[in-house]
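This report refers to the structure that appears directly beneath it.
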Amino acid sequence: MEYDFKSIEQKWQSWWAENKTFRAVEDPSRKKFYVLDMFPYPSGAGLHVGHPLGYIASDIFSRYKRLKGFNVLHPMGYDSFGLPAEQYAIQTGQHPEVTTNRNIARYRSQLDRIGFSYDWDREVRTCDPGYYKWTQWAFLEMFDSWYDPEKDQARPIGELIARLETTGYADITAERWNAATPKEQSDILMRWRIAYQGETAVNWCPQLGTVLANDEVKDGLSVRGGFPVEQKKMTQWQLRVSAYAERLLSGLDRLDWTDSLKEMQRNWIGKSEGTELTFRCGEQQLPVVVFTTRVDTIYGVTFMVLAPESALVDELTVPSQRAAVDEYLAYVKKKTERERIAETKTATGVFTGSYGINPVTGDKIPIWISEYVLAGYGTGAIMAVPAHDSRDYVFAKKFGLPIVPIIEGCDVSEESFDAKEGKMCNSGFLDGMEVKQAIEAAKDYVEAKGLGRRKTNYRLRDAIFSRQRYWGEPFPIYFKDGIPTPLPLDKLPLTLPEISEFKPAENGEPPLARAKDWTYEGWPLEKSTMPGFAGSSAYYLRYMDPRNDSALVSPEADAYWRDVDLYIGGTEHATGHLIYSRFWNKFLYDRGYVCTDEPFRKLINQGMIQGRSSFVYRVVGTNTFVSAGLKDGYETTEIHVDISLVYNDRLDLEGFRAWRPEFADADFILENGEYICGWAVEKMSKSMFNVVNPDDICDTYGADTLRLYEMFLGPLEQSKPWDTKGIDGVHRFLKRFWRFFYDGDRCLLSDEAPTREELKALHKLIGKEQEDIEAFSFNTTVSAFMIAANELSALKCNKRAILEPMVILLSPFAPHISEELWHRLGHEGSVADAAFPEYVESYTLEDSCTYAVSFNGKTRFTVELPKSLDKDGVEAAVRAMEQTGKYVGAQTIVKVIVVPGKIVNIVLK
RNA sequence: GCCCUGAUGGCGGAAUUGGUAGACGCGCUGGACUCAAAAUCCAGUGCCCUUUAAAGGCGUGCCGGUUCGACCCCGGCUUGGGGCACCA
């Protein structure tokens, strides 16, 4: 029989499901391996061919590790709370749960067709109350914790309370604490809790009616939906991620992640080491602290700038400037984030009327207000050095402030000199020093004189944790006498109430305000819900023990599975999920709930698969289409054409005429009798008619071909366009592989002993596969299969002793055909439980070959030597030749270079 | 502006990390099988010169360097992709 992928794939997919072939069970006698995919948000559009790329890679790795004897955990689930389902609900009234479940069912059927080795018994869904119980629990744990800087970890809030009661803490004395009302005490604790409620400038998105985290905003627009975002001060739940900034940064060094991803996280955390300096400002000698990384430029300070939102603005504005300042503040306030970003090149600002005193020079300098200084970073106030900072320079030029260069020989007539190089001048005690030296000297000086202190700042902000939405986890918090109070643990999960409409309430409150009786013991419950990253932050832990009702994960399961050995997913989560997850995990680690500090040991970012759009060229003003190669002779319009009408860039003319009524009577100008389409690589999307559905590929070629082809396309990490041409090549390979076993219905298998040549081909493949899979070079592994098939085909090999191991080797890539052949070979269990074949190196050796021996590049003679000879071996052989008189030389051999079979170059000195 | 990445035939991409550049696949050309097509198989295929062959010459974005030897290392550019960006 021929290779009938359709029946084979259906058959084994059901067989795997029935036999629970891929169920993972904790077994301390076996080594574990945890392979994780970033679980998908089940969108209404379903999967396109780019989505499974990472899933296929991780599946190959899982199956490979299993063949290698590991106890593999390879789960899958759904990140099923989220905005699109809610937006859809607002428009249609359809409950988000209904759409979510429908989308999940579609995702599941699409995933199933590809033959993944997931343990579906461990599936999690973030919107399932049994799951989000533990999201809520983690939030309460964070609420019940503070970050102890001495122990450098999160500790129970009780420890802080005990300190406040006895000795006081920070600026809160014991007297003040003990005299405080419960509400005041609650407010004080909010300053230290890991999960806290506080007023802060937030990204408010009016169209979505909710606040967003920094990573959910890009270029002043919401990542989801692309709506404008504005800055607004609001009281919101937040997570004190900033407390972990240093650990999140230093932890990166121990992770096996790509440099680019680590770099993104480092940028996002944004550590900068500098100095805090105190300037006395205004009539009242108000101490104003500024942060700078360039204390060495202190002699070049010619003014100061406050952020418009700074509390100091009010205090330092003199009456005569009051009106101008108020006008400026109003102007800043009405700008959206996007407008602010767009205008970064033009300086805006206003003078407060006050002056500050440079603590080092004693100079009196004006204090300005400008939006280029951010309230959220550093202290919200800066010392401006226009000669050596480009932003200060622009500002100084605009408002005619003095520019004083303090580095020898620099020209600041056109732009500032920002580089940290050169010799200091006009700088008192720093004169003559190199900049780098001066930075340190100035820091020392400032500290010694008590004018300031060294300080490290991070750009990483606390995460805004409230969303004014319905389709998310409710906060297990109620307000007793206005005091945020945690729900008792036995009341978890606090499930989402049923509401009839999903848009915000008429009074502008979140949708949960529409719920009847959203109270606990008569007190109001929190009305916002948690953001998307809440549910995805610890899902990898829940997979370890998904049905546990008394803990997020049992200590036993956690101790066995520990952490994710391999995590595969897109780079788009670099500054969102991957930061939050690490934070969340570190918190749970601090509090003793998990045994590892970092959750994802190795991380691979699969590249995006882009679409390959096809174009036809309509001659302007006609319904005539000219083939791509001839289009330069005409004036044409480029039109996207559905890629299902195009094969190898050739247009199906009849299909095209039938595609759209307006093309029904289209004429064509052909080249060589064919219409050739133009093409371009674009994002895969419906509007460009370039979406490829994996289901269609499975129909035409089968899942095994899809899997092989996605891997064959190129390196995993690289982004690449999907191009269906070329898929025939791997499909042909599978058909060929099948024909090693069957010619029609005739079984070709023989039990003859394999020859050395055949064994060589097999073992070369074993070695290559092992090496390549460990290096995640799956495209070259697929090539290795084809090479082996070519070799064995040339040898006309149908021997069981060769083909049976080949079936095992192929099984991670093409599990269905492998399973079928494995059973036809007479095995009972799954090929997934077979053992990876042993690699025997000696089979790869050639006996001998001719080397050309040259000295310093000049060929002297040829010699017959073993092909496997390494450099040392050749050197020894050459020395031996010296003895025989074939080579007589007095010079010393410095280096011997061998290219198998061709050249030996001997470097002499 | 800063930080990561990449650049190799007509195309996707290989190259044991300093050692035969272009594996493997697509495409293309020719052939076999067939009434024909599909499928399958065989051969050829970096470019240039040459009627053909032999033999050359040129070739890993560009310019230079190190080396017996460079796609690989160093210096300087050009350019594609991604990230960060009034962060003081």
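Residue numbering restarts at 1 for every chain, and letters A, B, ... go by the order of the sequence lines.
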Base-pair string, RNA chain B, Watson-Crick plus G-U, cut-off 3.5 Å on both distances, | for inter-strand, is (((((((..(((......[....)))((((((.......))))))(((.......)))..(((((..]....))))))))))))....

In this structure, how many angstroms lie between the [atom2] atom of [N] and the [atom1] atom of [X], rounded?
X      : N     : atom1 : atom2 : answer
A:W268 : B:C3  : CH2   : P     : 20 Å
A:Q265 : B:C3  : CD    : C1'   : 15 Å
A:K720 : B:G82 : NZ    : P     : 16 Å
A:R732 : B:A39 : CZ    : P     : 7 Å
A:K796 : B:C41 : NZ    : C1'   : 10 Å
A:M264 : B:C4  : CE    : C1'   : 8 Å
A:F712 : B:G25 : CZ    : P     : 7 Å
A:L708 : B:G25 : CG    : C1'   : 12 Å

For this output row, return yes or no: ring centroids of A:Y393 and A:H388 closer than 6.0 angstrom. no

Select from A:Y709 and A:R294 the residue whose nearest nucleotide in RNA chain B is closer to the 5' end of that strand. A:Y709

The residue, A:G376 or A:K768, whose nearest nucleotide of RNA chain B is more 5′ is A:K768

Once you measure the plane-to-plane angle for A:F395 and A:F399, does it fall in the parallel (<30°), tilted (30-60°) or perpendicular (>60°) bin? tilted

Apply the syn/anti split at 90° from 0 to B:U20 and say which one it is.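 Nucleotide B:U20 adopts anti.
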
Please classify the glycosidic conformation of B:G9 as syn (within 90° of 0) or anti (everything else).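 Here B:G9 takes the syn form, which means its glycosidic angle is within 90° of 0.
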
Just to be sure I understand the rule, does [X] reach a base, reach only the sugar-phosphate, or reach nothing, if contact means heavy atoms closer than 4.0 Å?
X      : answer
A:I382 : base
A:E771 : nothing
A:S260 : sugar-phosphate
A:R266 : nothing
A:K262 : nothing
A:V373 : base
A:N779 : sugar-phosphate
A:L374 : base
A:P721 : nothing
A:D392 : nothing

Test your reading of the model: is there a side-chain donor-acceptor pair from [X] to the backbone of [Y], 3.5 Å cut-off?
X      : Y      : answer
A:D418 : A:S390 : yes
A:D462 : A:S242 : yes
A:K262 : A:L252 : yes
A:S416 : A:V412 : no

Distance, [atom1] atom - from [M] to [N], rounded to whole angstrom:
N     : M     : atom1 : value
B:A70 : B:G19 : P     : 11 Å
B:G61 : B:G81 : C1'   : 15 Å
B:U29 : B:A14 : P     : 27 Å
B:C58 : B:C71 : P     : 14 Å
B:U5  : B:G56 : C1'   : 39 Å
B:G10 : B:C62 : P     : 14 Å
B:C11 : B:C28 : C1'   : 11 Å
B:C73 : B:G18 : C1'   : 8 Å

If you only use heavy atoms from C-beta on, which nucleotide in [options] is closest to the side chain of [X]?
X      : options             : value
A:T293 : B:C4, B:A39, B:A88  : B:A88
A:R459 : B:C24, B:C26, B:C84 : B:C84
A:R739 : B:C41, B:A85, B:A88 : B:C41
A:E371 : B:U5, B:C86, B:C24  : B:C86
A:I787 : B:C84, B:A23, B:A88 : B:A23
A:R736 : B:C41, B:U5, B:A23  : B:C41

Could you tell me whether A:E246 atom CD has more than 12 heavy atoms of other residues or ligands within 6.0 Å of it?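 More than 12 heavy atoms, drawn from other residues, nucleotides or ligands, come within 6.0 Å of this atom.
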
Given A:E771 and A:K768, is the salt bridge (charged side-chain N to carboxylate O under 4.0 Å, His left out) satisfied, shown in steps? CA-CA 5 Å; A:E771 202 175 292; A:K768 184 83 178 147; 5.4 Å; no

Residue pairs fulfilling side-chain hydrogen bond (donor to acceptor under 3.5 Å, both in side chains) with at least one residue in residues 708-720 of chain A, sequence neighbours excluded: none

With sequence neighbours left out, write down each residue that passes side-chain hydrogen bond (donor to acceptor under 3.5 Å, both in side chains) with A:Y580, or none if nothing qualifies.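 Counting only residues at least two positions away or on another chain, A:Y580 forms a side-chain hydrogen bond (donor to acceptor under 3.5 Å, both in side chains) with A:D215.
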
